[in-house]
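This report refers to the structure that appears directly beneath it.
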Protein chains: 2
Amino acid sequence: MRLEQITIKDIARELNVSTSTVSRALKDYPGISDETKRKVKELAEKMDYRPNAIALSLRKSRSFTIGVIIPEVVHFFFSTVISGIEEVAFARGYNVILTQTNEKLVREKSSIATMLSNQIDGVLVSFSKETTDFEHFSNLLAKGFPIVFFDRVPDIDNAITVTVDDYSGAFEATKHLLQQGYRRIAHLSGPSNLKISQERARGYTDALIHHGFTPDPGFIVECNKGTDDEAQKITAEILETFSTKPDAFFANNDMAAVGAMLACKAAGLRVPEDVGIVGFSNWQFCSMIDPSLSSVSQPGFNLGAKATEILLDLIEKKIQLGEYSNSVVLETELLIRKSSVR
Amino acid sequence: MRLEQITIKDIARELNVSTSTVSRALKDYPGISDETKRKVKELAEKMDYRPNAIALSLRKSRSFTIGVIIPEVVHFFFSTVISGIEEVAFARGYNVILTQTNEKLVREKSSIATMLSNQIDGVLVSFSKETTDFEHFSNLLAKGFPIVFFDRVPDIDNAITVTVDDYSGAFEATKHLLQQGYRRIAHLSGPSNLKISQERARGYTDALIHHGFTPDPGFIVECNKGTDDEAQKITAEILETFSTKPDAFFANNDMAAVGAMLACKAAGLRVPEDVGIVGFSNWQFCSMIDPSLSSVSQPGFNLGAKATEILLDLIEKKIQLGEYSNSVVLETELLIRKSSVR
DNA sequence: TTGTATGCGTTATCAG
DNA sequence: CTGATAACGCATACAA
């Protein structure tokens, strides 16, 4: 701030009272004459006084700021989550400091360090793909620092997590493909160290078993990057090399699903007649492509909002660690479009 | 922070030296014995000392935090901009406080107020659609507070702005449609109070004139919300009611372009054979829809990065207001895909 | 009803 | 080479 901010000192001097009087008057403390209150408030208004939040933070050891650590901003799902976070934080008077890790563990670590140095009151975290040990967070947790994990969460005790129901989303998607008569369903999975990937794969596998089919481990193919290009290449390879060709693809995310769709088309296969495809996330473009893409929709905004509410409740001690159900799971919904109906 | 943070006091007590010595030792100030330096640093490391950024801010009247005010996070273009901002800010040791206005002027005003109260060192702003007067910012500018406007910028003197070349992007898009033989090109424009909308409309009009055609004002139709639904409705109406039917649509944004495409298809028109379509922004889905959508690509990441660099240079007085070219304009690029080639 | 003094964590200034 | 002190802006315990 090179802005010459007005302080309570300025007001005090002007009015020939002490700074404590000004401070109390502004906050409607009892034991200040109405006359003084009026004068102080009037002048404060007139001088456009704004309390210095930094000084307040130092005094109260509270910054009214929460940190958000996210793998990538440019990602439809995460941007909806951020939107939900920002909405709730703003409504409850908190600032949001944002950093993206670009999927790098080092950045995750340095981000949390800077944020702590900035005295954030709590933090919302979604892991990078590189993160496999959680020491940098479990240390904080052990000290009672408020952390809420969302979407990509660690598998440690006592961690409060907010996720979507990946398992049932995947289960429903696979079940839907089976019901449409697809029999050789391949799964384009995500990085296997992420719990969401594991859960989605598990939902896929269980749906097969539940309907009397024997899952073939070879039909789960990992797409690490999750881009359409990658999935396109991998799908093309599958279609070429597998002795038993898949007749459907359930992808871990929509980009991968699009990649699979493009590869199928390129191989002369018709979607949905020859090959069924279902994605995950319900990105905006699902309804815009041809054929429109069936997808499991995740409530990103609600997820962000819910995670923030829990975090703020924790910070304000409205709830205690452990009092809350440790893991909140939000419903997913399968949106059936053309790519999987025949 | 309910974290019991280690302070220089703790280190000083432990080592039986004064806090000033610790402070100086940690910063490698001259005039401290190597022995003391070593001991202090060692202990600091061991105790996991982290400087309190809040106290520093208060002391230095600098927070090393910049604010970002943006209409909407859930918007591909803006999310790329945020990514660019975050990247540069992080690299130069700044925090990013983010708020979205949801296109509301009141939130824009209250956001800037909170941020100032939090002693941000500067702010990056893209206006809400409701913003028509700029007093809440020009006041600050007049006081020399560092502000850089991006994408949606005000039309006031002395404001530093970073934008993309909307005019030439629109010009090229329209020219391309003309070259492809489309003759009755309609323009689905954005809110007319936004400069970007005006510039794109101007580029469209000028391209027509430049190629010897007379622009028909009735062929510029405002799509305020910029959603595909809205554009779909409006396009359907145009196709029904206009006596001279357009044979091409140049849309202010990609969502609107998709809406137009859907409406055309619904009306039994073939794209690109009967109707050509070009969008603006080059969202991810452009290459995924059928036919793939030609679009003017905007360098969102670079825009965010550039704006942040200028802002930080301004804050750090590496440049003076006025020394920099007041308006930086980044190149756009027309990406020709199938929707506009026949 | 109001004022004085103190401290939040840090660093700059001045002394020693 | 090191220490004591004041100050950043504010809130509050204690005095008056």
Side-chain angles (χ1 to χ4, degrees), chain A residues 1-41 43-44 47-65 114-121, chain B residues 1-41 43-44 47-65 93 114 116-121:
Chain A
M1 62 150 198
R2 47 209 65 191
L3 239 33
E4 281 310 311
Q5 289 273 22
I6 302 296
T7 73
I8 51 173
K9 264 193 191 169
D10 299 317
I11 300 179
R13 193 181 328 110
E14 194 86 6
L15 253 39
N16 267 316
V17 294
S18 73
T19 57
S20 22
T21 303
V22 174
S23 171
R24 288 189 275 240
L26 286 172
K27 321 216 97 179
D28 271 333
Y29 263 52
I32 295 281
S33 74
D34 288 351
E35 173 64 6
T36 311
K37 274 189 193 170
R38 197 187 48 71
K39 273 202 271 183
V40 169
K41 286 183 176 177
L43 187 59
M47 296 178 87
D48 195 32
Y49 166 75
R50 308 239 169 256
N52 181 326
I54 292 286
L56 260 162
S57 293
L58 188 59
R59 183 81 230 285
K60 304 234 176 179
S61 295
R62 295 261 288 100
S63 64
F64 284 95
T65 299
T114 338
M115 285 184 172
L116 287 176
S117 170
N118 276 277
Q119 312 301 113
I120 51 166
D121 295 336
Chain B
M1 59 147 199
R2 48 208 64 192
L3 239 35
E4 282 311 311
Q5 289 274 24
I6 302 295
T7 72
I8 49 173
K9 267 191 190 170
D10 299 318
I11 300 179
R13 194 180 328 109
E14 195 86 8
L15 254 40
N16 268 316
V17 295
S18 73
T19 57
S20 0
T21 303
V22 175
S23 172
R24 287 189 277 237
L26 286 172
K27 321 216 100 176
D28 270 333
Y29 265 51
I32 295 281
S33 73
D34 287 350
E35 172 65 3
T36 311
K37 274 190 193 170
R38 195 187 48 73
K39 273 203 268 179
V40 169
K41 286 183 175 175
L43 187 58
M47 297 179 86
D48 195 30
Y49 166 76
R50 310 238 169 256
N52 182 325
I54 292 287
L56 259 161
S57 294
L58 186 60
R59 186 81 232 285
K60 305 233 174 176
S61 295
R62 294 262 287 98
S63 64
F64 284 95
T65 298
T114 332
L116 287 177
S117 169
N118 275 278
Q119 314 300 112
I120 51 165
D121 295 337

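Numbered from 1 within each chain, the chains take letters A, B, ... in sequence-line order. Below, each value reflects all heavy atoms present in this structure, side chains not excepted, and no hydrogens, waters or symmetry copies.
Across all strands, B/I8 comes closer than 4.0 Å to base atoms (heavy-atom distances). Residue-level contact check: B/S20 touches the bases, meaning some heavy atom is under 4.0 Å from a base atom. Across all strands shown, B/S57 has no heavy atoms under 4.0 Å from either base or sugar-phosphate atoms.
The side chain of A/K27 lies closest to D/dA11 when the candidates are D/dC10, D/dA11, D/dT2. Distances from the side chain of B/N52 to the nucleotides C/dG3, C/dC8, C/dT10 place C/dT10 closest. Considering only the side chain of B/S33, D/dT2 comes nearest among D/dT2, C/dG3, D/dC10. Closest to the A/R24 side chain, of the nucleotides D/dA11, C/dG9, D/dA13, is D/dA13. Across C/dC8, C/dA12, D/dT2, the shortest atom-to-atom separation from the side chain of A/L58 is found for C/dC8.
Comparing A/R50 and B/T36, the nucleotide of DNA chain D nearest to each residue sits closer to the 5' end for B/T36. Ranked by how close their nearest DNA chain D nucleotide is to the 5' end, B/K37 and A/L56 are led by B/K37. Each of A/I32 and A/T19 was assigned the nucleotide of DNA chain C with the nearest heavy atom; the assignment lying further toward the 5' end belongs to A/I32.
The CZ atom of A/R59 sits 8 Å away from the C1' atom of C/dT6 (whole-angstrom rounding). One interatomic measurement links the two molecules: CZ of B/F64 to P of D/dC8, which rounds to 19 Å at whole-angstrom precision. Atoms CZ (B/R62) and P (C/dG9) sit 22 Å apart, rounded to a whole Å. B/D28 has its CG atom 16 Å from the C1' atom of C/dT11, to the nearest Å. Per the geometry, CG belonging to B/L26 stands 15 Å off C1' belonging to D/dT2, to the nearest Å. Here D/dA11 presents its C1' atom at 16 Å from CD1 of A/I54, a figure rounded to the nearest Å. A/K60 has its NZ atom 18 Å from the P atom of D/dG9, to the nearest Å. When rounded to the nearest whole Å, the span between CD1 of A/I6 and P of D/dC8 equals 14 Å.
When the side-chain nitrogen and oxygen atoms of B/S23 are compared with OP1 and OP2 of C/dT10, none of them lie within a distance under 4.0 Å. Within the structure, every side-chain polar atom (N or O) of B/T7 is placed at least 4.0 Å from both OP1 and OP2 of C/dG9. For C/dT10, the OP1/OP2 oxygens have a side-chain nitrogen or oxygen of B/Y49 closer than 4.0 Å. OP1 and OP2 of C/dT2 both lie 4.0 Å or more from every side-chain N or O belonging to A/S18.
A 4.5 Å side-chain heavy-atom check between B/F64 and B/L56 finds every atom pair outside the cut-off. For the pair A/N118 and A/T65, the minimum side-chain heavy-atom distance is 4.5 Å or more. For the pair A/N52 and A/R59, the minimum side-chain heavy-atom distance is 4.5 Å or more.
Remark: of the listed residues B/K41, B/M47, B/K39, B/M47 is the sole one forming a side-chain contact (heavy atoms from CB on, under 4.5 Å) with B/L43.
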task: Let me see the working for B/I6 and B/D48 under side chain to side chain contact (heavy atoms under 4.5 Å, CB included), right down to the final yes or no.
output: CA-CA 7 Å; B/I6 302 295; B/D48 195 30; 5.7 Å; no

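Ion pair B/D121/B/K60 not flagged as a salt bridge, since none of the NZ, NE, NH1 or NH2 atoms sits closer than 4.0 Å to an Asp/Glu carboxylate oxygen.
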